[in-house]
Amino acid sequence: MELHQFRHSAFCEKVRLVLAAKRLDYTVVEVTPGLGQLELFRLSGQRQVPVLLDGSEVIADSTAIALYLERHHPEPLLLPEAPAERARVLLIEDWADTALAAGCRLALVQAAAVDPLLRSALLPDSTPGPLRQLEQLAVLVADQPYLVGDRLTLADLAVAAQLGLLKFPASSGAPLAGQGVSGIADHPLLEPLFNWRDRIVLEAGRG
């Protein structure tokens with residue numbers, strides 16, 4: 001299998017986490033913005049990453065890739081078989097891919113664009129709405145190891161991938177590893193959430 005990606009895309013990280021959790025071998029093709037996207041379009045009909053090539057199969061979109069891998073490589077299961085738990089996992093994944101993703105991207109852009117002193121002073125008050133739910137999420141993961149049920153699911157991987165934009169994990173490499181959005185990455189109430197994220201990443205095999 002061949003994963004066409006941007007290294008620091010949270011959606012590409014989500015796919016890497018799924019591949020790692022399923023212990024699947026794959027090669028990475030780093031897509032160059034612009035020219036590389038044109039080449040990707042010629043190859044797959046897609047300009048956006050991630051795109052997974054598996055033989056003659058071309059799968060675009062992180063959720064479509066996750067569902068494809070779940071069908072063709074079911075062990076370990078990342079979608080519970082019980083309908084209610086499966087629905088909860090898919091709801092959390094959709095929240096992570098939409099509301100949480102938008103909030104994380106906005107916070108990262110704000111942090112990168114603003115003077116460091118102003119950023120430190122202003123970011124907590126200007127934090128996008130979806131990120132206000134992070135404190136509740138931190139409380140949730142402090143009381144239970146997984147978001148749904150008693151084992152790793154796609155919900156955990158989707159949320160962990162988006163959190164990488166707020167505090168970059170070790171797998172991001174130098175100089176980003178450990179860096180993050182001031183006022184969020186170093187917020188004491190969110191420390192359990194980032195510790196949970198690091199544990200999920202390690203459990204998936206992306207340490």
Side-chain angles (χ1 to χ4, degrees), residues 5-18 20-21 28 30-33 48-50 61-63 66 91-147 152 154-207:
Q5 67 161 28
F6 296 148
R7 181 178 182 186
H8 297 302
S9 158
F11 294 100
C12 294
E13 173 66 0
K14 175 183 160 188
V15 171
R16 293 191 298 265
L17 285 168
V18 172
V28 167
E30 199 66 32
V31 175
T32 304
Q48 301 300 314
V49 293
D61 180 80
S62 64
T63 297
L91 281 171
I92 293 172
E93 185 214 17
D94 183 65
W95 170 77
D97 286 357
T98 53
L100 182 61
C104 291
R105 283 195 302 269
L106 182 55
L108 185 62
V109 168
Q110 288 173 338
V114 177
D115 178 87
L117 292 176
L118 291 177
R119 178 182 68 204
S120 179
L122 297 177
L123 184 61
D125 291 334
S126 61
T127 298
L131 294 183
R132 301 187 205 284
Q133 300 172 23
L134 288 180
E135 288 186 11
Q136 285 80 10
L137 200 57
V139 171
L140 178 65
V141 299
D143 290 336
Q144 60 189 59
Y146 304 105
L147 293 175
L152 188 71
L154 183 58
D156 302 302
L157 303 181
V159 171
Q162 295 299 335
L163 293 177
L165 293 181
L166 301 178
K167 184 175 184 179
F168 287 93
S171 60
S172 298
L176 284 176
Q179 300 300 308
V181 175
S182 179
I184 295 177
D186 54 358
H187 196 299
L189 292 179
L190 297 182
E191 184 178 358
L193 182 60
F194 290 112
N195 289 340
W196 170 86
R197 187 279 311 272
D198 291 341
R199 182 182 62 75
I200 291 295
V201 169
L202 281 173
E203 183 173 341
R206 288 274 299 155

With rounding to the nearest 0.5 Å, note down the distance linking [atom1] in [X] to [atom2] in [Y].
| X | Y | atom1 | atom2 | answer |
| --- | --- | --- | --- | --- |
| R16 | S62 | CZ | OG | 11.5 Å |
| L134 | F194 | CG | CZ | 6.5 Å |
| E93 | L100 | CD | CG | 12.0 Å |
| K167 | C104 | NZ | SG | 14.0 Å |
| R197 | L202 | CZ | CG | 10.0 Å |
| I92 | L137 | CD1 | CG | 8.5 Å |

Counting only heavy atoms not in E191 (residues, nucleotides, ligands), do more than 12 fall under 6.0 Å from its CD? no

Output yes when a side-chain donor or acceptor of E30 lies under 3.5 Å from a complementary backbone atom of R7, and no otherwise. yes

Donor-acceptor pair, D143 side chain versus L140 backbone, under 3.5 Å? no

Specify the closest pair of heavy atoms between [X] and [Y], including all atoms of both residues, with the distance to one decimal.
| X | Y | result |
| --- | --- | --- |
| A107 | I184 | CB-CD1, 4.3 Å |
| A10 | Q162 | CB-OE1, 3.5 Å |
| D61 | T63 | OD2-N, 3.0 Å |
| L176 | F168 | O-CB, 3.2 Å |
| F11 | D97 | CZ-O, 3.5 Å |
| W196 | L163 | CZ3-CD1, 4.2 Å |

Less than 4.5 Å apart, any side-chain heavy atom of E13 and any of L17? yes

Measuring only between side-chain heavy atoms, which start at C-beta, is S172 closer than 4.5 Å to Q179? no

